There are 2 protein chains.
Amino acid sequence: MARERKISTEELYQTTKQLLLDRGYDGYTFTLLANRLDVSRAAIYKYYENKEELLSEYMVYELQTFIYNLKIVNQEKSFFDQFHALFNYIFNDMSIYRIREIGMQIPTVNQKVAENKQKLEKMHIQLYTLLQKFIEFGKSENVLKKDLPSSLVLGLIFQTVNIPNLERIPHSEWVEKMKEIMCHGMFNKE
Amino acid sequence: MARERKISTEELYQTTKQLLLDRGYDGYTFTLLANRLDVSRAAIYKYYENKEELLSEYMVYELQTFIYNLKIVNQEKSFFDQFHALFNYIFNDMSIYRIREIGMQIPTVNQKVAENKQKLEKMHIQLYTLLQKFIEFGKSENVLKKDLPSSLVLGLIFQTVNIPNLERIPHSEWVEKMKEIMCHGMFNKE
DNA sequence: CTCCAAAGTTACACATGTGTCACTTTATAT
DNA sequence: ATATAAAGTGACACATGTGTAACTTTGGAG
């Protein structure tokens, strides 16, 4: 027994994602969001006390999706296959890493935000454990060098998506060359 | 025939750098800068019309320093030596890349800013040419793989500084492992 | 049909940062 | 010693974003 909503949570999240990637944490405002969604700013306050609350809930949703997809990647049999699948997935939607960085900027302004940040913390540990296992798998299959810290390997893989493709090299070529360097380095084997 | 300045340009630049790295472009305000320097905000307007002007001049200074040091690196004889010197230099002051990214956000609000941005553009080309030569040198000495786009190689080298060292691995070890991956990859040679 | 609760809007008070101007302070050249 | 020009200050008007409260709109349950 109520009026129909002008905007779905899904629309809210998608616009939020775009805004975040376009303008960063500070550039993301309810004023802007409301304009893009063609509702009044006050309408958004019906659902979220403030932008921290909206953003932290959005982050939970985004990380959930990422973990879900990562588990699918982990179903591949060999480490090689998993490695390539992960690489391709990350490069397909290059946003996760930046989104996560932005997420860390959210100040804990109330109880709900605190809860969401705790959830995020747990999910991050879950994610890290999954990735850790992935690295261990690579080492146990004798593919990955055993003396490399996993945080370095993972950090490197995730950072690569931020490298600007200034020369507009075709996406598939870019990804392949990137993999090549990651796997075997930029130096010739002497 | 004038009063002594409370703050030197050098102090202004150093505080600016810290503020930028701490808070990012949007978080950098004259209000904050004036507080940190213990002067009134209005005093800063005696020297700069607005923050864009100050920041763009600071950027020019920073890029100049970087290019100067890069030329010193380029004096090393072999590509190997140049490579390691560059890597060490970049990791010694990890700020250049982030600073440059922030610099790109400066809107052209007046003539002076426009001029500074043009200067920055020219210096960037100069920088890119230097680095390009460096890469070409590496390829000609048959050290670097010839089929890798230089923008990818450079992007990768500069991005590596942004990888968070979560496990607090000692700096020297971190840098060495990073070099190892860059040069020969994370995979074992089968 | 009409009630009413959720959806949405408009308007206000508040907070923070900006750019400017009239003003005061101070070191030095004369 | 004093005039002066640069250095510095405090205060004001403006702009943008926030959070809230009083209001209107709307659609389905009874």
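Model, not experiment: these values are computed from the prediction. Naming convention: chains lettered A, B, ... in sequence-line order (proteins, then strands); numbering from 1 in each chain.
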Using atom names, set out every protein N or O paired with an N or O of nucleotides 7-9 of chain D below 3.5 Å, distance rounded to 0.1 Å.
| residue | atom | partner | partner atom | Å |
| --- | --- | --- | --- | --- |
| dA7(D) | O3' | E4(B) | O | 3.4 |
| dA7(D) | N3 | R3(B) | NH1 | 3.0 |
| dG8(D) | OP1 | K6(B) | N | 2.2 |
| dG8(D) | OP2 | Y47(B) | OH | 3.1 |
| dG8(D) | N7 | K46(B) | NZ | 2.7 |
| dG8(D) | O6 | K46(B) | NZ | 2.7 |
| dT9(D) | OP1 | K6(B) | NZ | 3.2 |
| dT9(D) | OP2 | S40(B) | N | 2.5 |
| dT9(D) | OP2 | S40(B) | OG | 2.8 |

Atom pair CG/CZ of L127(B) and R100(B) - distance to nearest 0.5 Å = 7.5 Å

Heavy-atom nearest pair, K145(B) first then N188(A), reads CG-OD1, 3.5 Å

Going by atom types alone, do Q14(B) and Q18(B) pair a side-chain donor with an acceptor below 3.5 Å?
-> no

Donor + acceptor pair across side chains of T108(A), K117(A) (<3.5 Å) = yes

Would you mind reading off the distance between L54(B) atom CG and dG19(C) atom P, rounded to a whole angstrom?
-> 12 Å

Identify whether the distance between the nearest side-chain nitrogen and carboxylate oxygen of E62(B) and K17(B) falls below 4.0 Å.
-> yes

Using the six-membered ring of F91(B), assess whether NZ or CZ of K179(B) lies under 6.0 Å from its centre and within 45 degrees of the ring axis.
-> no

Ring pair (Phe, Tyr, Trp, His ring centres under 6.0 Å): pairs with one or both residues in residues 114-141 of chain A, sequence neighbours excluded = F79(A)-F134(A)

By a strict heavy-atom criterion of less than 4.0 Å, which residues belonging to residues 17-36 of chain B are in contact with DNA chain C?
-> T29(B), F30(B), T31(B)

Decide if atom CZ of R23(B) counts as having more than 12 heavy atoms of other residues, nucleotides or ligands within a radius under 6.0 Å.
-> no

Which whole-number value in Å describes the distance from N110(A) CG to dT20(D) C1'?
-> 16 Å

Atom CD of E53(B) and atom P of dT20(C) are separated, to the nearest Å, by 11 Å

